[in-house]
Amino acid sequence: MLVGRLAPTPSGLLHLGNVCAFAGAWLSARAADGRLLLRIEDVDRERARPDVEQALRDDLAWLGLTWDVETPRQSARDYAPALARLAPRLYRCQCTRAMRAAPLPDGAGCQGRCDGKGYATGAVRFRLEAGSLSFIDCRWGPQHADPRRFGDPILVRRDGLVSYNLAVVADDIDDGVNDVVRGSDLLEYTAVQMQLWSALDAAAPRWLHTPLVLGADGRKLSKSHGSAHVGAMRDAGATPADVWRLVLPWLGIAGATSLAEAVPRWEPSGGPLGPITVSASGADL
Ligand code: GLU
């Protein structure tokens, strides 16, 4: 059975880029008669905010982005078992900020030059295997990337906080997720995460990266693009149908005004690759 998930990070309000990715995850699960999970990705406790989480839940409900079951939030999970399994490929890194800013040394594991010195403290990095890695994205087709161009990912920060990289992969494995739909900003980084899936002896999921949505200034949507947020649109008088009329064509479904109407027309590879640009004034509606 297909198992997908909505995995919001409660540090920023729901914007049109999130809506596009979540609609993709929702349609993918519903069209396959699968299961859709909700997981609050609050592993970065310093940035997670309860009021933002509540607003996200309100926005999801308003749009009809429902889920079947909520799995434990990241801050309630124990990542020690995953770290124990990955132990042979972990090392402590003590790169300074200046070392990290220097160009990645050819073939070096971490982004500085402290790799392999056997430190007892410092950030915990995962040693990537060299060589290119291929995977197929349902929208973008075959992808080839050398994971090492990103440097070995940090799995536990110097201050002891587990990172997004470890949490998202360990959780998807624990939750039985086999269909990952998310924004294209993570497309290239998928190669890195594939190595974590494989080191944890799990079969990688099906990947689908939805179009990136940019503000009129050409930048990824963020807090500064207030009017491209669902709450702001609602306050300005938009209805869910208005939002779907705008967003669903980015997934290849033009003219639909609800998710239910879009289900029979869902095709994972449909729609533009992106990026999509929305005006900062909400004039797209
Ligand atoms: N919480 C992540 C986000 O908000 C989920 C994306 C993922 O890695 O699948 O982008």
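One-based numbering, in listed order, for ligands and for the atoms of each. As the structure is a prediction and not an experimental result, all values here were calculated from the model.
- Between Thr121 and the options Gln94, Arg92, Arg158, a side chain to side chain donor-acceptor pair (under 3.5 Å) holds for only Gln94.
- Distance from atom 3 (C) of ligand 1 to its nearest protein heavy atom, with residue and atom name: Thr9 OG1, 3.7 Å.
- Between the His229 side chain and the Gly231 main chain, no donor and acceptor come within less than 3.5 Å of each other.
- Distance from atom 9 (O) of ligand 1 to its nearest protein heavy atom, with residue and atom name: Arg5 NH2, 2.7 Å.
- The protein heavy atom nearest to atom 8 (O) of ligand 1 is Tyr164 OH, 2.5 Å.
- Looking at Leu14 and Phe22, their side chains come closer than 4.5 Å, going by heavy atoms from C-beta outward.
- At a threshold of 4.5 Å between non-hydrogen side-chain atoms, the residues Val19 and Val230 count as touching.
- The side-chain heavy atoms of Glu267 and Ile253, taken from C-beta on, include no pair separated by under 4.5 Å.
- At least one N/O-N/O distance between Ala7 and ligand 1 falls below 3.5 Å.
- When non-hydrogen atoms are compared, ligand 1 lies under 4.0 Å from the side chain of Leu186 (C-beta onward) but not from its backbone.
- The heavy atom nearest to atom 2 (C) of ligand 1, considering only Arg39, Glu41, His209, Arg182, is found in Glu41.
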